[in-house]
Amino acid sequence: MSWIDPDFPKTATVSDLVGRVLGLNPGMMTGPGTNTYLVGRRDPILIDTGIGVPEYMPLLEGYLAERGWRSPSRVVLTHRHKDHLGGVKDIRARFPGLRVGKRLHRDEDLPEGIEDIRDGDVIEGDGVTLVAVSTPGHASDHLCYYLPEEKAVFTGDVVLSGSTSVIPAGDGDLLDYMRSLRRLQGLDVRRIYSAHGPVIEDGPGRIADYIAHRLDRERQILEGLGDGVETIPALVKRIYADVPEKLHAMAAQSVESHLKKLLREGRVQERPVPDAPSIWSWAARDAPPKAPHAPDGE
Ligand SMILES: [Zn+2]
């Protein structure tokens with residue numbers, strides 16, 4: 001099954017308490033499209049709204065009708081990326097007065113009237129509780145929502161089914177991201193409802209895989225630096241040798257996010273070079289005793 005699965009169900013009742021309606025925006029970054037979830041026995045809470053394609057609203061209304069529901073009780077968003085909040089406008093037009101919330105943090109041009117949701121806030125629905133868990137890294141404003149009634153967590157873009165999460169340059173932060181994964185690991189989780197792709201039955205296993213994958217990449221980068229491979233393009237060539245070259249730009253973003261994390265941890269150092277990629281090396285305390293090392297005037 002490919003990541004962009006054309007047969008992915010457009011709507012599904014994935015548990016007694018959780019329904020899923022697809023955002024209908026398939027693509028390289030979104031897989032089959034963004035999942036939106038309806039949580040509760042009646043008057044469900046809607047998590048995320050898709051990107052706002054016109055076909056989404058009839059699909060949502062059809063699913064609400066099928067379940068005998070008239071309207072969502074409110075909307076909560078995982079983060080500000082367009083494929084999660086782009087549908088807010090259409091949903092508000094169809095259901096006037098609906099409350100919409102997200103963690104307000106470093107936002108630019110949000111729709112008006114969005115309420116702030118903070119870490120630890122509890123959102124009560126019909127027979128369900130959603131606990132907001134601040135999980136920055138993929139986006140600085142990211143919230144996951146923990147559903148204690150099922151020991152399940154809605155992970156937004158922090159944990160995906162069938163792909164690794166992207167840490168975008170700029171607002172993304174891999175150190176925060178790793179902390180967020182460990183935070184999710186600390187919750188009593190069984191299932192994961194991700195924003196893209198099918199239900200993840202073994203939540204703890206998937207989170208552990210994600211952490212292992214990143215630590216593996218980190219080890220490869222540190223080994224590369226140790227072998228004198230010292231720029232991002234050279235590291236990408238070495239580490240992603242068997243990945244098609246058209247994906248190397250994305251790989252470079254990943255290597256950069258790792259180096260920034262290691263820099264924040266004081267484990268590597270960066271020497272900027274005019275009109276050329278920076279030179280990276282191990283920070284002094286990680287270097288082996290006999291390695292040649294120029295401290296660059298520090
Ligand atoms: Zn996102």
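Start at 1 and go down the list; that is how both ligands and their atoms are numbered. The structure presented is a predicted model; accordingly, all values stated were derived computationally and were not measured. In this chain, numbering begins with 1 at the start of the sequence shown.
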Please report the C-alpha distance between Asp48 and Leu85 in whole Å, then the side-chain angles of each, then the deciding distance to 0.1 Å, and finally whether the side chain to side chain contact (heavy atoms under 4.5 Å, CB included) criterion is met. CA-CA 6 Å; Asp48 284 341; Leu85 71 64; over 6 Å; no

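- Scored by the side chain to side chain donor-acceptor pair (under 3.5 Å) test, Thr135 finds His142 as partners (sequence neighbours excluded).
- In this pair, His138 and His79 present their aromatic rings perpendicular. The plane angle is above 60°, beyond the 30 to 60° band.
- Residues Tyr63 and Arg67 bring a donor and an acceptor atom of their side chains to less than 3.5 Å of each other.
- Other members of the cluster containing Leu130 are Val14, Leu17, Val18, Tyr37, Val39, Ile45, Ile47, Val76, Ile117, Ile123, Val128, Leu143, Tyr145, Leu147, Phe154, Tyr193, Val199, with ILVMFWY side chains joined at under 4.5 Å, either directly or via other members.
- In this structure, Ile279 belongs to a hydrophobic cluster whose other members, linked by side-chain heavy atoms under 4.5 Å apart, are Val273.
- Inspection of the environment of the Zn ion (ligand 1) yields the following protein N, O or S atoms under 2.8 Å: His79 NE2, His81 ND1, His138 NE2, Asp157 OD2.
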